[in-house]
Amino acid sequence: MPVKLSEIGVYAFADVEAKWQAKWLKEETFRAKCDRKLPKYYILEMFPYPSGKIHVGHARNYTVGDIVARYHRAVGFNVLHPIGWDAFGLPAENAALKRGVHPKEWTYYNIRVMRRQMQELGLSYDWRREFATCDERYYGFQQKIFLALYKKGLIYRKRSEVNWDPVDNCVLANEQVIGGCGWRSGAPVEKRMLSQWFLKITAFVEELLNEIDNLTGWPEKVKVMQRNWIGRSEGCSITFKTSKGEDLVVFSTRPDTIFGATFLAISPDHSMARKLAETDSKVANFIKEFKKGSVAQEFLDRQEKTGVYTGVTVDHPFLDRKLPVYVANFVLMNYGTGAIFATPAHDQRDYDFAKKYDLPIERVVASPNENNDELPYLDDGILVNSDFLNGLTVDKAKKAIIQKLCDIGAGKRETFFKLLDWGISRQRYWGCPIPIVHCSKCGIVLLNNEDLPVLLPGDVAFEQPGNPLDRHPIWKHTKCPQCGGGAVRETDTLDTFFDSSWYFLRFCVDDANSSDLLNKDDLASWMSVDQYVGGVEHAILHLLYARFFSKALTECGLANIREPFANLFTQGMVCSVTYRKENGDWLFPEEVRRTISGGYEVIKTGENVIVGNLEKMSKSKKNVVDSDDIVKKYGADTLRLFIVSDTPPDRDFPWSDDGVEGCWRFLNRLWRLFVYAHSCGVGAKRCYGIENLAFENCEKHIHQLRKDFHRTVKNVTDALEEKAMNRVVAYLRDCVNSIYQLVDDIDTHIDAFSIIIRELLKLLAPIVPHICEEAWDMLGFEGLVSNASWPSYEAKYLEISMINLPIQVNGKLRGTIDVAVNMDEEMIFARALAVPTVQNSISGKSVKNKIFIRGKIINFVV
RNA sequence: GCCCGCGUGGCGGAACGGUAGACGCAGCGGACUUAAAAUCCGUUGUUCGGUAGGACGUGUGGGUUCGAAUCCCUCCGCGGGCACCA
């Protein structure tokens with residue numbers, strides 16, 4: 001007997017979701033197949049750092065990927081959808097310091113918690129491939145990679161100035177320095193000279209830059225950021241002779257302005273500056289001040305140009321002019337040659353400096369606009385006061401001057417990049433040990449492959465700040481593999497970005513027991529990643545490093561990959577409201593309540609609360625929503641649905657509790673439909689194959705439903721291909737609405753409803769898989785909806801025979817007529833003209849032109 | 001400063017150059033209920049009008065077009081990235 005729609009109870013998600021999650025795990029439903037004949041699809045979300053909790057920002061990332069994975073399975077791909085843990089890193093050590101837990105214990109505990117949370121989200125991962133970068137097998141193999149890169153000359157050791165965090169006692173990457181302070185400690189970063197290991201990312205700089213053009217599946221935004229980061233500039237180097245008889249090499253992208261050069265400037269870090277400082281106290285003082293100043297942020301903000309004259313001059317290569325050499329704070333040592341020639345008339349910085357120190361300014365490029373005599377002049381123009389360059393355009397002058405400099409042996413064409421080699425040493429315990437020993441006799445010695453892995457010692461003490469490996473009583477003392485004498489291990493560990501630069505390759509390898517984590521056959525069958533999903537915050541770092549690694553490993557013969565990620569999707573951030581006290585303290589949402597007057601107050605104290613903007617969820621702002629809380633209250637399907645509803649996945653997502661409620665209601669609406677249909681006899685027994693979706697001999701309204709359904713299949717499929725999940729949800733809701741319109745007739749159309757609901761479940765399953773499995777099972781369909789194939793639509797059902805045709809007069813809508821699409825043109829015009837509102841707006845005027853686009857519009861021009 | 005991206009109802013957002021506002025959230029009205037919740041039905045850009053039907057409307061100003069949210073130019077605003085890169 002059919003139940004009453006209104007009497008169907010609330011959907012009991014908790015048991016349902018647990019049941020299907022267990023089944024998927026047990027049956028390994030989402031295990032990638034080893035069949036290489038099947039078309040493959042590798043979908044990957046950026047793996048998380050095991051911080052301890054999955055928040056809704058994570059959930060968004062993984063849900064988007066999961067929908068893509070489930071959809072591709074349904075359309076027939078052999079899908080690889082793995083997950084793992086970016087598990088080394090400082091937070092584990094800080095937790096150890098704070099709570100006395102071992103970093104390893106803390107990390108693996110967090111992984112267990114987060115794995116459970118992920119499984120409770122119904123994410124369709126191949127869990128057999130899961131690993132953490134702190135697993136011995138992984139980092140042990142990584143040490144082999146280190147050796148291979150070293151042997152290829154892609155790793156080197158260099159003494160250089162690095163960012164040093166005096167509180168955390170370790171080196172920071174440039175990107176971890178925010179506003180001159182450590183991102184974690186907040187302490188002003190110091191500069192320190194240290195011997196560090198570097199990866200020679202610059203060896204592939206041209207390739208990394210040029211191949212960006214081929215990354216057609218990447219967002220333009222990310223490509224632009226990478227191009228800027230690499231920062232290629234073409235120009236030439238010029239060698240000047242100093243009054244002391246030395247060579248001073250400068251780099252310029254504007255060699256055409258050489259005749260306007262009035263001084264030279266070198267970086268305080270330039271070797272010549274250091275040398276001069278030994279004898280010149282003014283230079284020495286300036287360098288000292290510079291070092292001090294470079295730490296303070298306000299100094300950078302002011303961007304005030306300062307310098308000191310060295311007493312040294314150089315000869316201008318073409319003029320009888322001596323150019324003074326300054327040490328100047330605005331010249332960077334790590335770009336170009338650390339020295340420039342300055343043409344104040346055509347460079348803002350040179351101009352500022354010249355004004356301050358009263359140096360000559362000589363114009364050599366004339367503006368095409370004769371009235372423009374403003375300086376500095378930075379645009380294109382015609383060369384003047386420049387001897388043999390006079391009359392040339394900037395472009396031509398550049399070529400001419402470079403040629404001339406080459407001819408006289410004073411310069412050469414050169415290209416410089418902003419990209420610098422990647423410092424990978426970290427003075428931390430919780431990272432991958434570097435497989436190197438320092439031998440007093442042999443110097444730096446690589447370990448042999450047989451000596452690997454170098455395992456992290458478990459018995460470390462964290463009471464003191466600094467690197468516990470360095471203080472460990474025995475760990476670092478070892479034998480030199482070359483001479484057998486006493487040696488000391490490298491106690492620095494690798495930057496965790498090293499770990500995450502090849503994890504996507506390790507996922508490809510199927511055999512858990514293989515010692516080769518970069519098995520070539522496996523790599524060949526799965527790489528490249530067909531779809532990578534992650535936050536835009538990795539636009540440069542991780543994504544550039546991973547690209548570099550692919551090339552470097554290929555160079556070493558360990559892989560054969562040009563570009564690792566064929567398509568990249570960057571999802572937006574999840575944002576939520578913030579609450580603060582008037583003194584600026586952040587408040588948790590549960591600490592505040594609405595007042596009668598419509599404002600907010602602190603529940604405990606009644607203090608006034610300032611409601612802030614939607615901001616990116618962060619612990620410090622106390623506006624993070626924990627995925628567990630939502631899953632417990634509404635279930636995973638509701639969270640999954642909500643997180644992809646409404647907002648396109650590449651935009652920032654405004655979290656709202658009301659929105660969650662709305663999705664929960666929709667899920668119940670679905671549930672009632674399935675239960676009701678089931679009680680009416682809808683189900684597998686009334687389906688006779690896909691061809692029945694045609695059901696030719698049916699009543700008109702069911703005819704319409706069929707058309708709506710085919711339209712839905714097309715719309716949903718197209719939107720999924722574009723990753724417009726918000727539109728997918730809209731089309732599905734629309735479809736459910738039109739089914740509800742006919743639900744009273746369900747008894748007389750059991751067959752039609754059976755087929756439509758079966759196909760609808762397939763469309764819904766990628767987004768809300770649990771409820772779909774349950775309904776699929778309840779209605780008696782075979783197997784799992786997760787294994788069902790994607791519905792197809794027929795073009796003939798998308799055709800429209802009747803249309804509500806809009807009629808415009810002078811481009812303004814004046815009415816519509818219902819006509820057959822193929823109706824005779826003259827007939828349509830006649831019908832259109834007969835519409836009273838159309839007549840009114842023509843009202844006696846003569847029709848000058850008639851536009852008719854069949855199936856679209858009529859426009860009368862009067 | 002430079003380089004991107006974006007401006008559509010109260011809100012999230014739809015819209016191959018062709019009926020702007022699909023779908024949802026919030027709101028309003030109604031049915032059911034002793035009542036509430038849930039559910040179902042209707043309604044909701046602004047404005048004039050009793051209705052019919054108008055006027056206005058996609059940040060601003062212009063242009064192209066029979067027709068512009070959509071294409072081109074100007075300006076304004078917001079967001080992001082880079083930032084002494086020679």
Side-chain angles (χ1 to χ4, degrees), chain A residues 4-10 219-225 227-229 231-233 235 250-255 257 265 267 300 302-305 328-332 334-343 346-350 352-353 378 416-420 536-537 539-540 614 642 645-648 650-663 665-666 668-669 672 715 719 724 726-737 740 803-816 836-837 840-841 848-853 855-862:
Chain A
K4 277 194 177 168
L5 250 180
S6 58
E7 286 171 5
I8 296 168
V10 177
E220 207 50 45
K221 173 174 64 170
V222 174
K223 293 199 277 188
V224 168
M225 282 165 79
R227 282 194 195 100
N228 290 345
W229 186 264
R232 182 179 200 271
S233 38
V250 306
F251 174 67
S252 175
T253 55
R254 290 294 303 275
T257 62
S267 165
L300 291 169
R302 240 188 302 131
Q303 300 201 347
E304 196 183 313
K305 278 139 200 79
N329 67 340
F330 68 93
V331 182
L332 305 173
N334 54 15
Y335 188 75
T337 61
I340 59 162
F341 78 75
T343 308
H346 304 290
D347 182 284
Q348 185 68 53
R349 293 153 305 179
D350 299 351
D352 295 345
F353 194 86
L378 310 174
F416 277 96
F417 297 89
K418 276 169 31 177
L419 184 75
L420 301 175
V536 75
E537 66 271 18
I540 293 164
L614 291 175
F642 176 55
S645 292
D646 300 343
T647 303
D650 56 338
R651 291 197 210 170
D652 285 352
F653 180 90
W655 182 266
S656 87
D657 294 339
D658 287 336
V660 184
E661 283 280 351
C663 289
R665 284 202 297 270
F666 178 67
N668 276 283
R669 190 167 154 83
R672 285 191 298 276
N715 286 343
N726 57 319
R727 271 165 55 216
V728 172
V729 173
Y731 297 136
L732 287 168
R733 282 179 183 272
D734 226 0
C735 178
V736 171
N737 288 347
Y740 258 89
I803 184 180
N804 181 244
L805 189 72
I807 304 155
Q808 296 180 335
V809 178
N810 288 339
K812 288 203 172 193
L813 184 72
R814 294 300 174 186
T816 62
T837 49
N840 276 345
S841 45
K848 290 183 199 128
N849 196 5
K850 293 187 288 188
I851 310 285
F852 174 62
I853 313 290
K856 294 274 188 199
I857 207 151
I858 285 181
N859 189 12
F860 294 108
V861 185
V862 297

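Remember, it's a predicted structure, so these values are computed and weren't measured experimentally. In what follows, chains are A, B, ... by sequence order, proteins preceding strands, each numbered from 1.
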From the set C84(B), G18(B), A86(B), return the single nucleotide nearest to any side-chain atom of I340(A).
A86(B)
Of the nucleotides G24(B), U19(B), A15(B), which one has an atom closest to the side chain of T816(A)?
U19(B)
How close do S841(A) and V809(A) get, counting heavy atoms only, and between which atoms?
OG-CG2, 3.6 Å
Send over the distance from D347(A) CG to C84(B) C1', rounded to a whole Å.
9 Å
Residue matched to C40(B) through Watson-Crick or wobble contacts both under 3.5 angstrom:
G30(B)
NA contact type, T647(A), heavy-atom cut-off 4.0 Å: base, sugar-phosphate, or nothing?
sugar-phosphate
Go through U19(B), G24(B), A86(B) for me and flag the one nearest to the Y335(A) side chain.
A86(B)
Pick base, sugar-phosphate or nothing for V331(A), based on heavy-atom distances below 4.0 Å to the nucleic acid.
base
Kindly say if S645(A) contacts the phosphate of G12(B), meaning a side-chain N or O under 4.0 Å from OP1 or OP2.
no
Tell me whether the side-chain N/O atoms of N726(A) come closer than 4.0 Å to OP1 or OP2 in A14(B).
yes
Across all strands shown, which nucleotide pairs with C78(B) by Watson-Crick or G-U wobble geometry, both distances under 3.5 Å?
G5(B)
Starting at atom CZ of R254(A), determine the distance to atom P of A86(B), rounded to an integer number of angstrom.
11 Å
Looking only at heavy atoms, which two atoms of V536(A) and V222(A) are closest? And how far apart?
CG2-CG2, 4.1 Å
Without decimals, in angstroms, what is the distance between K223(A) NZ and C4(B) P?
14 Å
C11(B) C1' sits how many Å from R651(A) CZ, rounded?
14 Å
Rounded distance [0.5 Å steps], NZ in K418(A) versus CG in N228(A)
6.0 Å
Counting Watson-Crick and G-U wobble pairs only, both distances under 3.5 Å, name the nucleotide matched with A69(B), or none.
none
Which one is paired to U60(B), where only Watson-Crick or G-U wobble pairs with both distances under 3.5 angstrom count?
none
Could you tell me whether the side chain of S267(A) and the main chain of V331(A) form a donor-acceptor pair under 3.5 Å?
yes
Nearest to the side chain of V224(A), heavy atoms from C-beta on, is which of C3(B), G18(B), G54(B)?
C3(B)
N-glycosidic conformation, G63(B) - syn within 90 degrees of 0, else anti
anti
Distance-only donor-acceptor test (3.5 Å): side chain N804(A), base U19(B):
yes
With a non-hydrogen cut-off below 4.0 angstrom, is R814(A) in contact with a base, only sugar-phosphate, or nothing?
sugar-phosphate
Have a look at K812(A) and say if it touches a base, only the backbone sugar-phosphate, or nothing, with a 4.0 Å heavy-atom cut-off.
sugar-phosphate
Give one of base, sugar-phosphate or nothing for S656(A), where a contact means two heavy atoms less than 4.0 Å apart.
nothing
Given that P806(A) and D652(A) both sit by RNA chain B, which one's nearest nucleotide is further toward the 5' end?
D652(A)
If the cut-off is 4.0 Å, is R672(A) near the phosphate of A38(B), judged by side-chain N/O to OP1 or OP2?
no
Once you apply the 3.5 Å cut-off to both distances, tell me the Watson-Crick or G-U wobble partner of G49(B), or none.
none
Which is true for P836(A) with a 4.0 Å heavy-atom rule: it touches a base, it touches only sugar-phosphate, or it touches nothing?
nothing
Which part of the nucleic acid, if any, lies within reach of N859(A) when heavy atoms closer than 4.0 Å are counted: base, sugar-phosphate only, or nothing?
base
So what's G12(B) paired with, Watson-Crick or G-U wobble, going by both distances under 3.5 Å?
C23(B)
When every non-hydrogen atom of F642(A) is compared with those of C663(A), the smallest separation belongs to CA-SG, 3.4 Å
Backbone N or O of G811(A) within a donor-acceptor pair of the N859(A) side chain at under 3.5 Å?
yes
D734(A) has its side chain closest, among G18(B), A86(B), A22(B), to A22(B)
Tell me, yes or no, whether the heavy-atom count around K223(A) atom NZ, taken from other residues, nucleotides or ligands under 6.0 Å, exceeds 12.
yes
CD1 of I857(A) versus C1' of U65(B): gap in Å, rounded?
13 Å
Please give, in whole Å, the distance from G54(B) C1' to L813(A) CG?
13 Å
Record whether the side chain of K305(A) comes under 3.5 Å of the base of C84(B) through a donor-acceptor pair of N or O atoms.
yes
Nearest to the side chain of D646(A) - A86(B), C84(B), G12(B)?
G12(B)
Rounded to whole Å, the CG-C1' distance (N737(A) to G24(B)) equals 10 Å
Nearest 0.5 angstrom please: F341(A) CZ to D347(A) CG, how far?
9.5 Å
R669(A) side chain N/O closer than 4.0 Å to the phosphate oxygens (OP1, OP2) of C40(B)?
yes
Looking across every strand, which nucleic acid part, if any, lies under 4.0 Å from G231(A) by heavy atom: base, sugar-phosphate, or nothing?
nothing
Phosphate contact (A26(B) OP1 or OP2) by R665(A) side-chain N/O below 4.0 Å:
yes
